[in-house]
Enquirer: 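Have a look at this one before I ask anything.
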Number of protein chains: 2
Amino acid sequence: MHYSKQREAVKHYLQNHTTHPTAEMIYQDLKKTMPNISLGTVYRNLNLLVERGDAIKLDFGDGIDRFDGFTSPHYHFICNKCNRLFDLKMKHLEHINSLASIEFDGEIEGHIIYFHGTCPDCKTQM
Amino acid sequence: MHYSKQREAVKHYLQNHTTHPTAEMIYQDLKKTMPNISLGTVYRNLNLLVERGDAIKLDFGDGIDRFDGFTSPHYHFICNKCNRLFDLKMKHLEHINSLASIEFDGEIEGHIIYFHGTCPDCKTQM
DNA sequence: TTCACTGCAAATCGTTTGCACTGGC
DNA sequence: GCCAGTGCAAACGATTTGCAGTGAA
């Protein structure tokens with residue numbers, strides 16, 4: 001694999017933003033300092049980073065992919081009001097895999113939890 | 001709201017299939033007995049049922065919406081090998097909402113869990 | 001008659017891909 | 001020089017939408 005300025009920029013962007021950006025957002029921001037970067041390249045590198053395990057791809061119902069450079073297992077919270085996605089700091093609940101395996105005869109390797117409700121910002125605006 | 005044969009058919013279909021079908025699958029099946037039904041109508045009615053709370057829309061990474069007519073809270077399992085989605089019978093874990101709210105200053109109203117691993121069928125084929 | 005709903009086809013839009021070119025090694 | 005990676009634009013595919021026609025109330 002060759003070094004690529006664009007790939008480094010995408011990786012660096014994800015490692016320095018906890019906003020769960022879309023590919024388009026990353027593209028728009030990177031364009032400011034790299035005017036020639038293309039959206040296709042951003043997508044190609046995001047998918048590469050996800051394959052490599054250097055990023056996570058998230059979905060939350062609107063069909064647009066969000067990317068997260070914080071890869072150690074953690075949960076997410078989606079605000080019903082403003083639709084923003086937040087990282088939660090709570091510890092990973094390993095034991096619920098065994099709860100699930102009591103009822104299900106497959107091999108459970110992991111789980112993803114999305115919490116939802118009203119975020120702190122929207123809560124104070126009510 | 002007017003009665004519609006097509007809407008009843010979509011609702012009935014979801015209530016009688018636990019396969020988490022896509023809109024296209026529902027359309028293909030309904031066409032067998034309703035040759036004139038259109039894909040747009042299937043989509044419109046699915047969205048209506050979801051809004052009304054008579055169905056749930058699920059996503060699991062491939063970007064294609066799945067629909068579930070079984071609306072009481074339950075968890076899902078996605079097979080890494082065959083990509084099928086299964087309903088889990090385990091009880092709903094209300095308490096993890098309070099675990100999350102210890103660390104997060106928003107109002108947590110609910111959560112969704114996706115378990116993943118190897119399903120029973122794929123497990124025996126190994 | 002009214003207007004919710006339909007079928008159809010075109011539009012939308014996030015994402016992927018083909019291709020010629022560029023740059024890392 | 002080789003070929004991974006890029007920029008660009010076209011293609012793709014799931015979903016939505018505009019519109020004229022249909023059918024429930």
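In what follows, every chain begins at residue 1, and chains take the letters A, B, ... in the order their sequences are listed. Quick note: numbers below take in every heavy atom, side chains included, and nothing from hydrogens, waters or symmetry partners.
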Enquirer: Rounded to whole Å, how long is the line connecting atom CG of A:L48 with atom P of D:dA4?
Expert: 13 Å
Enquirer: Rounded to the Å, how far apart are B:D62 CG and C:dG14 P?
Expert: 18 Å
Enquirer: Distance check: side-chain N/O of B:N47 vs OP1/OP2 of D:dT16, anything under 4.0 Å?
Expert: yes
Enquirer: How many angstroms lie between atom CG of B:L88 and atom CD1 of A:I102, to the nearest 0.5 angstrom?
Expert: 12.0 Å
Enquirer: Is a side-chain donor or acceptor of A:H17 paired with a backbone partner of A:Y13 at a separation under 3.5 angstrom?
Expert: yes
Enquirer: So B:K81 and B:D121, do their side chains get closer than 4.5 Å, heavy atoms only?
Expert: no
Enquirer: Pull out every residue in residues 11-45 of chain B that has a heavy atom closer than 4.0 Å to any atom of DNA chain C, ordered by number, or say none.
Expert: B:N36, B:I37, B:S38, B:T41, B:R44, B:N45
Enquirer: For atom NZ of A:K123, is the number of surrounding heavy atoms from other residues, nucleotides or ligands below 6.0 Å larger than 12?
Expert: yes
Enquirer: Distance check needed: C:dT15 P versus A:L49 CG, whole Å only.
Expert: 15 Å
Enquirer: For the CG atom of A:L93 and the CD1 atom of B:I96, what is their distance to the nearest 0.5 Å?
Expert: 6.0 Å
Enquirer: Measure NZ/A:K5 against C1'/D:dG7 and give the value in whole Å, please.
Expert: 14 Å
Enquirer: Select from B:F67 and A:H2 the residue whose nearest nucleotide in DNA chain D is closer to the 5' end of that strand.
Expert: A:H2
Enquirer: What is the separation between atom CD on B:E51 and atom C1' on D:dT16, rounded to the nearest whole Å?
Expert: 13 Å
Enquirer: Can you confirm if the aromatic rings of A:H116 and A:H76 lie within a centre distance of less than 6.0 Å?
Expert: no
Enquirer: Would you confirm whether the ring centroid of A:H111 sits within less than 6.0 angstrom of the ring centroid of A:H92?
Expert: yes
Enquirer: What's the closest nucleotide to the A:Y3 side chain, out of C:dC3, C:dT6, C:dG24?
Expert: C:dG24
Enquirer: Name the closest nucleotide to the B:S4 side chain, picking from D:dA14, D:dA4, C:dT6.
Expert: C:dT6
Enquirer: How many whole angstroms separate atom CZ of A:R52 from atom P of D:dA4?
Expert: 15 Å
Enquirer: Ignoring backbone atoms, test whether A:Q6 places a side-chain nitrogen or oxygen under 4.0 Å from the OP1 or OP2 oxygen of C:dG23.
Expert: no
Enquirer: Please compare B:D65 and A:M1 by the position of their nearest nucleotide in DNA chain D and report the one closer to 5'.
Expert: A:M1
Enquirer: Can you tell me the distance, in whole Å, between the NZ atom of A:K57 and the C1' atom of C:dT16?
Expert: 10 Å
